[in-house]
Amino acid sequence: MPPSDLQTGSATVRETFLLVLASIPEGRVTSYGRLAQLAGMGRGARLAGRWLGQLPEGTTLPWHRVLNSQGQLSLPPDHPAGQEQYQRLLAEGIIITHRRVDMKRYGWPD
DNA sequence: CAGTCGGCGTCAC
DNA sequence: CGTGACGCCGACT
């Protein structure tokens, strides 16, 4: 880890972000805002989205389990990643209605 | 370094 | 369910 990270602590927040993301249970989802909150990014929902979009293609992290606060898929239906997300969620047994999931049921943490 | 633009958002009305 | 306003940050000029 670069010395600059030890000074700014930026790596810590980023690592926490990845850690939280990785800890989202299969079959459950969370929102950008919550994820940011849990990772100590405060109101960095959009930043969370940015980081998710910058993850490597072959990542094993469950980026697809992150939706907007209304439980809707925020990615364009016609976009490759959007379909990928849709497919993965379905594969985990999550019921999707009108591109939206029931946060009361699948939301994490409870 | 300062100004500006835009984003996988969120909340209130 | 649509609209507008707000807020935070990275990227670019």
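Model, not experiment: these values are computed from the prediction. Lettering of chains follows the sequences in order, A, B, ..., and the numbering in each one begins at 1.
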Review point. Just how far is it from atom CG of A:Leu18 to atom CG of A:Leu35, taken to the nearest 0.5 Å?
Key: 9.5 Å
**Study point:** Close approaches to DNA chain B from residues 90-101 of chain A, in residue order (heavy atom, under 4.0 Å)
**Key:** none
Going by atom type alone, with no hydrogens or angles, which donor-acceptor pairs under 3.5 Å involve a side-chain atom of residues 53-63 of chain A and a protein atom two or more places apart or on another chain?
from    : atom 1 : to      : atom 2 : distance (Å)
A:Thr59 : OG1    : A:Leu61 : N      : 3.1

Study note, to complete from the structure: salt bridge (charged side-chain N to carboxylate O under 4.0 Å, His left out) filter on A:Glu92, not counting sequence neighbours, yields A:Arg65
Review point. Got a second to check how far A:Gln87's CD is from A:Leu89's CG, nearest 0.5 Å?
Key: 9.5 Å
Check your understanding: Distance-only, no hydrogens or angles: does the A:Thr30 side chain make a donor-acceptor pair with backbone N or O of A:Trp108 under 3.5 Å?
Key -> yes
Check your understanding: Given that A:Gln54 and A:Gln72 both sit by DNA chain C, which one's nearest nucleotide is further toward the 5' end?
Key -> A:Gln72
Study note, to complete from the structure: 5'-most to 3'-most nt of DNA chain C touching chain A (<4.0 Å, heavy-atom partner on protein side) reads C:dC1 to C:dG10
Point to revise | DNA chain B: 5'-most and 3'-most nucleotides touching chain A, 4.0 angstrom heavy-atom criterion | key: B:dG6 to B:dC11
Check your understanding: So do A:Met41 and A:Val13 actually touch side chain to side chain, heavy atoms under 4.5 Å?
Key -> yes
Check your understanding: Tell me, do A:Val29 and A:Ile24 make a side-chain contact under 4.5 Å, heavy atoms counted?
Key -> no
Study note, to complete from the structure: Across all chains, not counting sequence neighbours, the salt bridge (charged side-chain N to carboxylate O under 4.0 Å, His left out) partners of A:Asp110 are A:Arg28
Point to revise | Under the ring pair (Phe, Tyr, Trp, His ring centres under 6.0 Å) test, residues paired with A:Phe17 that sit two or more places apart | key: A:Trp51
Review point. Taking A:Gln85 for the side chain and A:Leu67 for the main chain, is one N or O donor matched with an acceptor at less than 3.5 Å?
Key: no
Review item, side-chain donor-acceptor pairs of residues 95-103 of chain A, under 3.5 Å, at least two apart:
from     : atom 1 : to       : atom 2 : distance (Å)
A:Asp102 : OD1    : A:Lys104 : N      : 2.9

Point to revise | Exercise: identify the closest heavy-atom pair between A:Ala36 and A:Ala45 | key: CB-N, 3.8 Å
**Study point:** Residue pairs fulfilling side-chain hydrogen bond (donor to acceptor under 3.5 Å, both in side chains) with at least one residue in residues 33-50 of chain A, sequence neighbours excluded
**Key:** none
Review point. Among residues 17-46 of chain A, which contact DNA chain B at a heavy-atom distance under 4.0 Å?
Key: A:Ser31, A:Tyr32, A:Gly33, A:Ala45, A:Arg46
Check your understanding: Can you pull the ring-ring contact (aromatic ring centres under 6.0 Å, His included) pairs that have at least one residue in residues 22-47 of chain A, sequence neighbours excluded?
Key -> none
Review point. Given side chains that start at C-beta, do those of A:Pro109 and A:Leu38 come closer than 4.5 Å, heavy atoms only?
Key: yes
Study note, to complete from the structure: Under the rule of Watson-Crick or G-U wobble with both distances under 3.5 Å, where | means paired to another strand and [ ] a crossing pair, DNA chain B maps to .||||||.|||||
